[in-house]
Protein chains: 2
Amino acid sequence: MRETSFQPLTAATVLESAKAQIRRFGEAKTNVTDVARDLGVSHAALYRFYRSKSAMMDAIVQEAMDDEAHLAAHYIGADGPAAERLVAMLLDLHRRKRDRFVGDREIHDLYQRIVVDRPDMIATYAERITNLVADLIDEAVRRGEWHIDDTDVAARVVRDAVTVYVHPAFVAQLVTANAPVEAMLHATVTTLIRAFESSMRYGNMKEA
Amino acid sequence: MRETSFQPLTAATVLESAKAQIRRFGEAKTNVTDVARDLGVSHAALYRFYRSKSAMMDAIVQEAMDDEAHLAAHYIGADGPAAERLVAMLLDLHRRKRDRFVGDREIHDLYQRIVVDRPDMIATYAERITNLVADLIDEAVRRGEWHIDDTDVAARVVRDAVTVYVHPAFVAQLVTANAPVEAMLHATVTTLIRAFESSMRYGNMKEA
DNA sequence: CAACTTACAATATCCGTTATCTGTAATTTG
DNA sequence: CAAATTACAGATAACGGATATTGTAAGTTG
């Protein structure tokens, strides 16, 4: 109960209660009346902050996505070789997903549902991360570490190649199967980097 | 109706009728009674060939998987540079999935369900394809085209990197979104090949 | 009057009943 | 007697009325 430790009702406190409900009972058994009861208000009060229940669910996942983007952004414009930073960035993104699956299962399940039900949200998120990768690649090219004629294509190659390590459904499967995920992610990224170091000419590939 | 053009009842004819039913009505509306009626026999007769309805569904997808493996095997031990053969092999695998999605939607949907419900079947299939990729890589290394210290790791890197282009759910999404899938697949595989040409040392990575 | 509650309409979910389907075994047929 | 059918029991799914939930709008309160 949030009610006991009194807090003003805000979008953030509503989201906290919603997450708490989902963690206890799962998304399926979570209804806005229970979330409101947890906050000590009527369910209608929550519609001041979210115009629907699904907007609330979306916001929870959006928060997680923002967290991941922030985590990844940390490696842009930082010191050290681009190769090490790219590996670290993608490893971090993988670990965030894995940690959610292992330690915050119900939220992970919600995230996974959104991946299916909201391709638009996922596309926006994917583009955001891809742009961060593109920024890192651009730096490496400017610093002369890598030689790539089309850094946008290179960024999308990276994104597609590591999707399997960051997509909630695959992470769940790989972790469950006890696969050596980090080693494989490392091998994959190392391979891409080798190509970038050796110089990649993509020619005139048309945009997405 | 298969009944008109008389054929002996075999596992293959049963599977044909099952596929025909699924194509017309979808998996959900397909029952074994209808499949049997289409063949002009009682539903119990089918249990001689498949010990359950789900075994029948599995067999349909297994047939598709076998077809894909056969398609891929074609490129092993063939003439021409390994780079061209790897690109062609993966492009073929992608196109088979895409063609099913575009021209045989109900069977594609069944395939996609099996991916979720039968991770064991998928794992076996994935390993089979990965082994073919490993064979092709081995050849390239033996012929001195590529320089790779651990071809099994390399094969798994290829598999993970192109999963997004051959996984039914992703193919469906990419094709629906009108993404330049073949160009991206080509860019991805080209990148991996560049690394292989330039020489990949994976060191002592532990097995899956 | 901003923040909330109560009241209510529309929608979705639950659940007990009914019907259908699956899988098996005893029985028939060529 | 091999191959199939008919008959049937258990499992699954479809149906529909009762219940709960969502979302809105009118009303209440500090």
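Naming: A, B, ... by sequence-line order, numbering from 1 per chain.
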For this session: Report yes or no: do B/His108 and B/Gln112 form a side-chain donor-acceptor pair below 3.5 Å?
Result: yes
Problem set entry | Residue B/Ala44, side-chain atoms from C-beta onward, closest of C/dA25, D/dT21, D/dA4 | C/dA25
Exercise. What is the distance from NE2 of A/His43 to P of C/dA7, rounded to the nearest Å?
Worked result: 13 Å
Exercise. DNA chain C: A/Lys29 or A/Ser42, which has the more 5' nearest nucleotide?
Worked result: A/Ser42
Problem set entry | Interface residues of residues 49-56 of chain A with DNA chain C (non-hydrogen, below 4.0 angstrom) | none
Exercise. Just by distance, do the side chain of A/Ser17 and the backbone of A/Val14 share a donor-acceptor pair under 3.5 Å?
Worked result: no
For this session: To the nearest Å, give me how far apart CE (B/Met57) and P (C/dT22) are.
Result: 9 Å
Exercise. Once you round it to whole Å, what is the distance between P of D/dT24 and CG of A/Leu46?
Worked result: 13 Å
For this session: Select from A/Ala45 and B/Asn31 the residue whose nearest nucleotide in DNA chain C is closer to the 5' end of that strand.
Result: A/Ala45
Exercise. The side chain of B/Thr33 lies closest to which of these nucleotides: D/dA3, C/dT5, C/dT22?
Worked result: C/dT22
For this session: Consider only side-chain N and O atoms of B/Tyr165 and B/Thr188, and report whether a donor and an acceptor are under 3.5 Å apart.
Result: yes
For this session: Please answer whether the main-chain N or O of A/Ala126 pairs with a side-chain N or O of A/Thr130 as donor and acceptor at a distance below 3.5 Å.
Result: yes
Problem set entry | Nucleotide nearest B/Tyr47 when distance is taken to its side chain, options D/dT24, C/dT24, C/dC21 | C/dT24
Problem set entry | Nearest-angstrom distance from the residue atom CD of B/Glu27 to P of C/dC21 | 15 Å
For this session: Using a strict 4.0 Å threshold on nitrogen-to-oxygen distance, state whether B/Glu16 and B/Lys19 make a salt bridge.
Result: yes
For this session: Decide, yes or no, whether a salt bridge links B/Asp66 with B/Arg128 under the criterion of side-chain N to carboxylate O below 4.0 Å.
Result: yes
Exercise. Tell me: CZ of B/Arg37 to P of D/dT6, nearest whole Å?
Worked result: 13 Å
